[in-house]
Protein chains: 2
Amino acid sequence: MSTGVPEGYDPHAFPPFAVTVDLAVFTVRDAALHVLLVERGQEPFRGGWALPGGFVLPRESADEAARRELAEETGLGPDAVDSLHLEQLRTYTEPDRDPRMRVVSVAYAALLPDLPEPRGGGDAASAKWWDAGVTGPLAFDHDRILTDARDRIGAKLEYTCLATEFCPPEFTLGELQQVYETVWGVELDRPNFRRKVLSAPGFVEPVDGPPRRTGGRGKPAALHRAGGATALHPPLLRPQPTDAPLSRPEGRTPWPSPPEG
Amino acid sequence: MSTGVPEGYDPHAFPPFAVTVDLAVFTVRDAALHVLLVERGQEPFRGGWALPGGFVLPRESADEAARRELAEETGLGPDAVDSLHLEQLRTYTEPDRDPRMRVVSVAYAALLPDLPEPRGGGDAASAKWWDAGVTGPLAFDHDRILTDARDRIGAKLEYTCLATEFCPPEFTLGELQQVYETVWGVELDRPNFRRKVLSAPGFVEPVDGPPRRTGGRGKPAALHRAGGATALHPPLLRPQPTDAPLSRPEGRTPWPSPPEG
DNA sequence: GCAATAGTGTCTCTCAGACACTATCGG
DNA sequence: CCGATAGTGTCTGAGAGACACTATTGC
């Protein structure tokens with residue numbers, strides 16, 4: 001952009017770009033990562049499933065568009081939508097990613113606690129939570145967006161306190177551990193997880209109210225809420241998958257995707 | 001985008017979005033992080049400095065546009081530009097970020113070794129390397145983009161092998177350490193740095209050719225080249241800035257920006 | 001000789017993984 | 001009693017920080 005508008009550039013001269021947002025809205029439900037999908041009511045991909053999203057309006061930013069769409073699709077109140085964590089993932093710009101016209105899409109990820117039955121409001125009549133591991137082929141390049149979103153969230157759990165976004169305002173350490181285990185697809189040692197979480201300054205803080213509550217049977221657990229910290233130092237690293245010998249690979253693997261704010 | 005084009009949507013109906021790329025091109029020179037800036041030849045911000053960049057053409061992706069612009073601004077050959085690491089940072093979409101029209105910009109970071117005198121080719125007659133720490137106010141929102149880019153690169157050095165992108169094809173461990181020290185703005189212990197780098201599988205590998213070379217005086221150093229790995233496990237964590245007591249802050253700090261591929 | 005850089009070795013402290021053990025609930 | 005979940009304590013091995021020491025160059 002620094003070189004300015006080309007000489008004689010006319011905004012209406014060539015087919016314009018449309019700009020959209022696509023949302024990967026995640027929640028942890030029944031020990032599985034779930035993502036919110038909507039059924040398409042028109043071509044292309046009519047009857048197929050896609051990530052919720054929509055056009056960025058002429059006078060709003062992509063962030064505002066994402067929150068507006070999120071409110072429409074989930075039926076959450078404006079306050080709830082304003083306060084939750086929206087993470088811009090990356091922007092998808094392949095010229096043919098939408099067969100109708102040139103569309104670049106800014107992708108976002110959002111993390112929600114498992115709500116009683118969130119969606120409802122929007123124009124997309126049929127929105128549904130899907131197990132993020134078993135979604136069929138999605139419309140457009142949404143499979144790739146979804147994969148990128150999962151990778152990003154998983155990476156970000158390592159060095160941020162983001163996991164609490166999946167939890168209700170008050171939660172047990174068991175529930176927090178469940179978030180990590182679900183997103184990473186691994187089992188963690190409970191004593192070590194507790195030690196790590198409790199020693200991280202500002203990650204969680206105890207709630208002194210009735211120190212009890214549980215899902216089924218077993219000893220009631222103490223409640224916690226998110227602390228003031230957002231970064232996690234030192235990070236809570238994912239266990240190394242030791243299936244491969246971890247030797248030097250021949251070709252370069254793709255560069256890892258770290259988190260972004 | 002999943003909800004489709006609005007009823008009666010006409011691509012030419014409302015003022016279209018222009019899509020640009022902006023590039024934060026970094027190199028390490030004289031123990032300081034440098035960034036490539038171009039002087040603007042027209043309004044707005046005429047005579048001011050800005051990140052290089054330009055419009056995404058109707059039939060190219062943002063990645064292709066970024067590589068094309070990079071080749072134009074630096075004078076690097078197409079092969080060199082094709083092979084280097086380009087990292088999409090994020091997309092800036094504030095409605096008024098460009099006073100002329102609605103422009104969304106996809107920002108990229110690129111890492112180059114310190115070249116003999118890289119720039120030259122492009123339409124921007126005056127491109128210059130600036131110390132990234134002392135750039136004045138830049139055009140548009142480029143100060144923010146530059147800050148975000150520095151943060152991202154710094155974070156990504158921790159858990160990727162990206163630092164070798166700042167180095168020539170063959171380099172000494174001292175030069176590699178200089179990259180970390182420059183980007184992070186800290187001093188590292190040489191023996192510990194060596195141990196860490198050499199024990200990370202696939203980070204660097206020795207070059208058996210003439211095992212010598214140095215910048216000034218002192219013992220000649222063995223040469224290395226980048227290994228096949230891209231991820232760094234376990235990560236090479238930045239030393240904790242112990243200036244603040246690292247207590248729990250009152251309000252939430254912004255979410256950290258991890259790397260993205 | 002000295003300064004400067006490269007490279008080796010070692011000690012210690014922290015922390016993560018593993019795991020044994022106790023506590024409190026529903027049945 | 002049992003099973004299930006919560007919570008505590010301890011041992012150990014890997015690794016980071018600190019730092020002493022040697023090696024090889026230019027001057």
Side-chain angles (χ1 to χ4, degrees), chain A residues 30-31 157-159 167 170-182 184 186-201 203-224 232-242 246, chain B residues 30-31 157-159 167 170-182 184 186-201 203-224 232-242 246:
Chain A
D30 302 331
L157 289 195
E158 290 190 319
Y159 51 96
C167 297
E170 297 189 342
F171 52 87
T172 69
L173 295 187
E175 291 165 347
L176 186 63
Q177 182 175 350
Q178 183 69 61
V179 168
Y180 277 90
E181 293 181 332
T182 299
W184 287 348
V186 298
E187 289 204 346
L188 301 176
D189 181 81
R190 183 164 36 82
N192 294 337
F193 181 81
R194 287 179 63 84
R195 179 179 6 120
K196 184 80 179 117
V197 169
L198 293 175
S199 70
F203 191 3
V204 300
E205 49 192 39
V207 172
D208 38 47
R212 48 178 29 254
R213 169 182 139 182
T214 176
R217 46 200 152 290
K219 180 177 176 178
L223 289 178
H224 297 260
L232 195 52
H233 265 284
L236 205 161
L237 295 178
R238 200 168 349 197
Q240 278 292 94
T242 332
L246 192 57
Chain B
D30 301 332
L157 289 195
E158 289 190 320
Y159 51 95
C167 297
E170 298 189 343
F171 53 86
T172 69
L173 295 188
E175 291 166 348
L176 186 64
Q177 183 177 347
Q178 183 69 61
V179 167
Y180 277 91
E181 292 182 332
T182 298
W184 286 349
V186 298
E187 287 204 349
L188 302 176
D189 182 81
R190 184 164 35 82
N192 292 337
F193 181 80
R194 288 179 63 86
R195 188 195 338 138
K196 185 76 180 122
V197 168
L198 294 175
S199 70
F203 191 3
V204 301
E205 49 192 40
V207 173
D208 36 48
R212 47 178 31 253
R213 169 182 139 183
T214 176
R217 45 199 154 290
K219 180 176 174 178
L223 289 178
H224 297 260
L232 195 53
H233 266 285
L236 205 162
L237 295 178
R238 233 179 301 218
Q240 277 294 94
T242 332
L246 190 59

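Basis for what follows: all heavy atoms, side chains included, without hydrogens, waters or symmetry-related copies. So you know, we letter chains A, B, ... as the sequences are listed, proteins then strands, and number each from 1. Small disclaimer: the values here were computed from a predicted structure and weren't measured.
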Nearest to the side chain of A222(A) - dC19(D), dG7(D), dA18(C)? dG7(D)
How many Å lie between CD on E175(B) and P on dA6(C), as a whole number? 8 Å
Please pick, from dT8(D), dA18(D), dT8(C), the nucleotide with the shortest atom-to-atom distance to any side-chain atom of P191(B). dT8(C)
Roughly how many Å is it from CG in L237(A) to P in dG15(D), rounded to a whole number? 12 Å
The residue among R190(A), R195(A), R194(A) that forms side-chain contact (heavy atoms from CB on, under 4.5 Å) with N192(A) is R195(A)
Base of dG7(C), side chain of R190(B) - is there a donor-acceptor contact under 3.5 Å? yes
Mark yes or no for a side-chain to base donor-acceptor pair under 3.5 Å between R195(A) and dG9(D), with no hydrogen or angle criteria applied. no
Please determine whether a side-chain nitrogen or oxygen atom of K196(A) lies at a distance below 4.0 Å from atom OP1 or OP2 of dC15(C). no
Could you tell me the separation between the CG atom of L232(A) and the C1' atom of dC15(C), rounded to a whole number of Å? 14 Å
What is the distance from atom CD of E181(B) to atom CG of L176(B), rounded to the nearest 0.5 Å? 10.5 Å
For the side chain of R217(A), counting heavy atoms from C-beta on, which of dA18(C), dA4(D), dG17(D) is nearest? dA4(D)
Looking at L188(B), is its backbone amide N or carbonyl O close enough to the side chain of Q177(B) to form a donor-acceptor pair, meaning the two atoms are under 3.5 Å apart? yes
L223(B) CG to dG7(C) P, in whole Å, measures 9 Å
What is the separation between atom CG on N192(B) and atom C1' on dC11(C), rounded to the nearest whole Å? 12 Å
Where W184(A) and L237(A) come nearest, the two heavy atoms and their spacing: CH2-C, 4.1 Å
Check the distance between dT10(D)'s C1' and R194(A)'s CZ and give it to me in whole angstrom. 16 Å
Do D189(A) and dA16(C) have a side chain to base donor-acceptor pair shorter than 3.5 Å? no
From CG of L173(B) over to P of dA23(D), roughly how many Å is that when rounded to an integer? 20 Å
Within this structure, what is the CZ-to-C1' distance between F193(B) and dT5(C), rounded to whole angstrom? 15 Å
Can you tell me how far the CG atom of D189(B) sits from the NZ atom of K196(B), to the nearest 0.5 Å? 14.0 Å
